[in-house]
Amino acid sequence: AGYGSSNATRYKFLPKMSFEYEPISDAAKMAVSTETLDFGMIHPSFSDEEKQLTFNIKNKGNADLTGINVSYTGDDAFSTSAVKNATIAAKGNDIVVTVTINTENEGNFSGTIIVSVDGQDNAQIAVSGTVLNKDKMYENFAGNALPEDWETMGVGQYTTGSTSSYYTWN
């Protein structure tokens, strides 16, 4: 029997659905908004806002989240806003942590931000970034086309994971 027959109405079709459900814990439960922060390539001339990234610490439980501390280990190129022995009330606001990259020295930098909370496992956030030479100008020529009156001065030097060239212009 098919749809055109009188028996078609006795068959019921339910759409296939799925969803995720996470019950709210009676205890405090820490969550962080990311596992990685990547600044990419940063030039010292960038604005202060471009030298900062943020992440959130949340309480997904029904009890106060206490003893929240943020620390950093790794290269000296990164710092975080101070979070010492903080508390997030049950169903309270997030704590926003600002991470800043120091552009005084050029190079590739990395480290780990550790968020610790009383009675819970630590959260770790990998942080990385590359600080470019302050005395050089960097340009990504779309389509690899040089502007008029520019000429290549040397092709093929390998830097920061990509091939780069030096150019002069009049």
Side-chain angles (χ1 to χ4, degrees), residues 28-61 64-89 91-170:
K29 183 175 180 190
M30 174 186 61
V32 294
S33 60
T34 188
E35 294 179 357
T36 60
L37 291 172
D38 184 5
F39 282 86
M41 292 186 186
I42 299 291
H43 193 273
S45 66
F46 288 3
S47 70
D48 287 345
E49 291 82 23
E50 292 173 302
K51 297 175 188 174
Q52 296 178 339
L53 296 175
T54 61
F55 69 92
N56 293 22
I57 304 169
K58 304 172 186 230
N59 181 0
K60 296 181 105 180
D64 291 352
L65 189 63
T66 60
I68 304 168
N69 292 288
V70 175
S71 60
Y72 170 77
T73 62
D75 297 323
D76 289 339
F78 302 101
S79 61
T80 65
S81 53
V83 179
K84 300 280 186 206
N85 205 28
T87 297
I88 300 175
K91 300 180 184 176
N93 294 329
D94 298 357
I95 293 176
V96 178
V97 179
T98 301
V99 181
T100 304
I101 188 168
N102 178 346
T103 59
E104 289 181 23
N105 297 310
E106 69 179 275
N108 296 316
F109 301 102
S110 63
T112 303
I113 297 168
I114 300 167
V115 182
S116 61
V117 175
D118 288 346
Q120 297 187 30
D121 292 337
N122 294 343
Q124 295 189 357
I125 300 170
V127 60
S128 61
T130 299
V131 177
L132 301 172
N133 184 319
K134 66 179 175 48
D135 297 323
K136 292 184 180 178
M137 178 185 82
Y138 297 85
E139 178 61 59
N140 179 11
F141 298 112
N144 295 321
L146 293 176
E148 187 177 329
D149 295 331
W150 286 47
E151 60 185 65
T152 302
M153 296 302 293
V155 178
Q157 179 178 343
Y158 193 76
T159 59
T160 62
S162 64
T163 303
S164 64
S165 301
Y166 295 95
Y167 305 96
T168 61
W169 63 93
N170 298 327

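These values consider heavy atoms only, across backbone and side chains, with no hydrogens, waters or symmetry-generated copies.
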* Asked: Atom CD of E35 and atom CD of Q124: how far apart are they, to the nearest 0.5 Å?
  -> 10.5 Å

* Structure fact -> To the nearest 0.5 Å, atom CG of N85 lies from atom OG1 of T87 at 6.5 Å

* Report the distance from atom CD1 of I95 to atom OG of S81, rounding to the nearest 0.5 Å. => 9.0 Å

* Given T54, which of T80, V96, V99 fulfils the side chain to side chain contact (heavy atoms under 4.5 Å, CB included) condition? -> V96

* Asked: Is there side-chain contact between F39 and V131, with heavy atoms separated by less than 4.5 Å?
  -> no

* **Distance in Å, N105 CG paired with K134 NZ, rounded so as to fall on 0.5 Å steps** => 10.0 Å

* Drop me the distance from N102's CG to F78's CZ, to the nearest 0.5 angstrom. => 9.5 Å

* **Within-4.5 Å side-chain heavy-atom neighbours: K58 and I88** => no

* Asked: Do F55 and I125 have side-chain heavy atoms sitting under 4.5 Å apart?
  -> yes

* Can you see which heavy atom on N56 is nearest to which on S33, and at what distance? => N-OG, 2.8 Å

* Asked: More than 12 heavy atoms of other residues, nucleotides or ligands under 6.0 Å from NZ of K51: is that the case?
  -> yes

* To do: To the nearest 0.5 angstrom, please state how far the OG1 atom of T36 sits from the CD1 atom of I113.
  => 10.5 Å

* Minimum heavy-atom distance A28-N59, with the two atoms named -> CA-OD1, 3.8 Å

* Atom CG of D76 with >12 non-hydrogen neighbours under 6.0 angstrom -> no

* Asked: Which pair of non-hydrogen atoms, one from P44 and one from L132, has the smallest distance, and what is that distance?
  -> CD-O, 3.4 Å

* Give a yes-or-no answer on whether the side chains of N108 and T130 include a donor-acceptor pair shorter than 3.5 Å. => yes

* Asked: Is any side-chain heavy atom of I57 less than 4.5 Å from a side-chain heavy atom of V70?
  -> yes

* Do you know which two heavy atoms are closest between M30 and Q120, and how far apart they sit? -> N-OE1, 2.9 Å

